[in-house]
Protein chains: 2
Amino acid sequence: MGFQERKRKILKILEKTESMDVQEMADELGISAITIRRDLQQLAAEELLIRTHGGAMKAPPQHPFTAFADKEQVASARKKYIGKRAAALVKPGDTIFMDCGSTVFTMCPHLKNITPLRIITNSLPVAAAFMDAAGIQVNLIGGEIDKERKAIHGDRAIAHIKSYHAAKAFVGTDGLSAKRGLTAISEKEAGITTAMAGSADHIYLLCDSSKIGKDSYLKFAPLSLITALVTDQELSAAQAATLRTKKVNFI
Amino acid sequence: MGFQERKRKILKILEKTESMDVQEMADELGISAITIRRDLQQLAAEELLIRTHGGAMKAPPQHPFTAFADKEQVASARKKYIGKRAAALVKPGDTIFMDCGSTVFTMCPHLKNITPLRIITNSLPVAAAFMDAAGIQVNLIGGEIDKERKAIHGDRAIAHIKSYHAAKAFVGTDGLSAKRGLTAISEKEAGITTAMAGSADHIYLLCDSSKIGKDSYLKFAPLSLITALVTDQELSAAQAATLRTKKVNFI
DNA sequence: TCAATAACGATCAAATATAATCATTTTTAT
DNA sequence: ATAAAAATGATTATATTTGATCGTTATTGA
């Protein structure tokens, strides 16, 4: 087993275990500790992991767009569940909007087999997720890239969205309550969400239960905007009831 | 059994086993180890597998956009040279267009320290390359993603480009000759190139010497379109002279 | 703080793989 | 049919990888 092969195995191990010490690795791979050290040194130089005394730690996500994707591999079970449920609403032949939230992103793996499909998105990770998906056409919204969110926002993006129409829009929010409706942290995201909602027939809001009942600072849309709320099973009965009085549909 | 046949078998074996050493392969295919090495060398050059000491490994699944980036790490010395020279034309504060060719992409690493900088591009790998570059604002052209080229083409993209203006445009081409001017393989790319050229003051064509004197099938622009040609040092004196008669400037 | 322990880096030697060169065979073109 | 070109195999010199030793440095616990 050469270096390349070990390198891959080491990174694979770290993917799962977060961290590991030299001797453990040496035993695991049946190779001397000093060689493992050399390997770790090289890998650390490539910034594929972080060297510690006596071992190594998983590197923080860093790659351009896939970083986001990797991060979401450890998305909470709640988000994953929502992603799956939301994806079930999509049918072959649909045209859909997807915004740039991490919850919406969890739909991606579940969408890959729904073909043909046309996705209009401002999210670079979403676009990246479908680069290898035959039968899925991605329309990326243009404009200035917001590196923080790995997405595109702004007036141009909104104009771009408005020139399209889709059957369904899948959007996220930072907060949702019966009293204040939908709230966001940033006007940028709120603008995109509103635009997508305006150009779609059905608007599905993906929102895990931890955000329900909480308000962020910018109130940008009423509950009546959305066709249905896709959330997880940990939503309390009381909260569900309150929202139902506002005629919110649940998935 | 010829090379093509072995090549297929080697890749087939690696599909299953992930990795294998030279001697094993030699035994398996009944051929000498040195020939296997030569085969592996070629396959590695095509990036169909990864060469290791003593064997080979299956090529890793290529990441969405960075795949392109990785590939270019082994870009020919010629292309790298061109990328460096072209990047030297960019000054802090500039707004530039960059198209989606692999030659243009080689400019990226050299641009990271030229800040502030504003880049308008239809290339996803270019956008990805600057995700971590503070001080560089990327404007991504919107529209349908062409997965093959990892770029965005089409009427919407062209309209997007036309709404901007930049001091400099860096574009590529598939062929260039004194007789036929600039030629391309695809109308998609030609449209983008033309649009960028139309919205920029100075148009720099990046083109390695192997493409000079050759024509692709679509003739899309005259040599007079470009401000200067950025190429490598392997360009023959005769070719240079011919182009100079057409008033082409060299960098 | 200090000593004990463990990890680290540098250097060396052995094993192995590779590149380079040349000879042989096979294929291709004329 | 013959020469030229390409592919293959063998041999040798070079380069790489690996593991061991030893002196140095960092961490841990009293």
Side-chain angles (χ1 to χ4, degrees), chain A residues 1-60 62, chain B residues 1-60 62 70-81 209-210 213-214 234 236:
Chain A
M1 178 170 55
F3 166 61
Q4 296 293 342
E5 210 171 331
R6 282 200 309 278
K7 173 175 167 178
R8 198 175 282 186
K9 287 190 180 176
I10 289 171
L11 290 174
K12 204 166 191 176
I13 289 171
L14 281 179
E15 259 319 297
K16 289 180 196 157
T17 62
E18 293 285 328
S19 71
M20 200 165 203
D21 67 36
V22 171
Q23 199 50 55
E24 264 184 290
M25 287 196 198
D27 294 345
E28 181 91 10
L29 301 176
I31 208 132
S32 78
I34 188 151
T35 301
I36 293 291
R37 271 194 214 103
R38 271 192 281 245
D39 291 347
L40 295 183
Q41 196 170 23
Q42 288 192 47
L43 292 170
E46 293 179 57
E47 301 192 346
L48 296 172
L49 52 73
I50 291 177
R51 194 66 224 277
T52 64
H53 277 246
M57 281 165 42
K58 192 162 94 175
Q62 48 164 0
Chain B
M1 178 170 55
F3 168 61
Q4 295 298 334
E5 204 174 334
R6 284 200 308 278
K7 174 174 166 177
R8 194 173 293 177
K9 286 192 180 179
I10 289 171
L11 291 174
K12 205 166 191 176
I13 290 172
L14 281 179
E15 262 317 299
K16 290 179 195 159
T17 62
E18 292 283 326
S19 71
M20 200 165 204
D21 66 37
V22 170
Q23 199 50 56
E24 265 184 288
M25 287 196 198
D27 295 345
E28 181 90 11
L29 301 176
I31 207 138
S32 78
I34 186 141
T35 302
I36 292 291
R37 271 194 211 102
R38 274 192 277 245
D39 290 348
L40 295 183
Q41 199 169 24
Q42 288 193 47
L43 293 170
E46 293 179 55
E47 302 192 4
L48 297 172
L49 51 74
I50 290 181
R51 193 65 225 278
T52 66
H53 275 242
M57 285 168 41
K58 192 162 91 176
Q62 302 208 323
D70 291 343
K71 190 171 155 190
E72 292 315 308
Q73 283 176 358
V74 274
S76 69
R78 282 196 288 217
K79 280 190 180 177
K80 279 185 187 167
Y81 173 83
S209 55
S210 68
K214 292 188 181 151
E234 291 177 38
S236 76

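Computed from a predicted model, the values in this text were never measured in an experiment. Residue numbers start from 1 in every chain, and the chains themselves are labelled A, B, ... in the order their sequence lines are given, proteins ahead of strands.
- Shown here are the side-chain contact (heavy atoms from CB on, under 4.5 Å) partners of B/T17, two or more places apart in sequence or in another chain: B/I13, B/L14, B/M20.
- Separating the CG atom in A/D39 from the NZ atom in A/K7 is a distance of 10.0 Å, to the nearest 0.5 Å.
- A close approach under 4.0 Å does occur between a side-chain nitrogen or oxygen of B/T35 and OP1 or OP2 of D/dG9.
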Nucleotide-resolved protein contact map, nucleotides 20-30 of chain D, B/S/- at heavy-atom distance under 4.0 Å: BB----SS---
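- Contact annotation: B/R6 side-chain N/O to D/dA7 OP1/OP2 distance is not under 4.0 Å.
- Here the P atom of nucleotide D/dA7 and the CG atom of B/D39 are 11 Å apart, to the nearest Å.
- The span of DNA chain C lying next to chain B, judged by atoms under 4.0 Å from heavy atoms, is bounded 5' to 3' by C/dA17 to C/dA20.
- Atom CD of A/Q41 is separated from atom P of D/dG19 by 16 Å (rounded to the nearest Å).
- Judged as a side-chain contact (heavy atoms from CB on, under 4.5 Å), and not counting sequence neighbours, the contacts of B/E18 are A/R8, B/K58.
- Residue B/I36 contributes atom CD1, which lies 16 Å from atom C1' of D/dA10 at whole-angstrom precision.
- Map A/V22 and B/R51 each onto its nearest nucleotide of DNA chain C; the residue landing nearer the 5' end is A/V22.
- The side-chain contact (heavy atoms from CB on, under 4.5 Å) search around A/I31 returns A/R6, A/L29, A/T35, A/I36, not counting sequence neighbours.
- A search for side-chain hydrogen bond (donor to acceptor under 3.5 Å, both in side chains) contacts involving A/E5 returns B/S19, not counting sequence neighbours.
- B/I34 meets the side-chain contact (heavy atoms from CB on, under 4.5 Å) test with B/S32, B/R37, B/R38; sequence neighbours excluded.
- The nearest whole Å value for the distance from the CD atom in A/Q4 to the P atom in D/dT17 is 9 Å.
- Across the helix from C/dT1-D/dA30 to C/dT30-D/dA1, the helix axis at one end is tilted relative to the axis at the other end by 50° (nearest 10 degrees, each axis from five pairs).
- One finds the CZ atom of B/R51 at 5.0 Å from the CG atom of B/L40 (value rounded to the nearest 0.5 Å).
- One interatomic measurement links the two molecules: NZ of A/K7 to P of D/dT17, which rounds to 12 Å at whole-angstrom precision.
- Applying the salt bridge (Lys or Arg N to Asp or Glu O under 4.0 Å) test to residues at least two apart or on different chains, none of the pairs has a partner in residues 23-33 of chain B.
- We find that CZ of B/R37 is positioned 16 Å from P of D/dA15, with the value rounded to whole Å.
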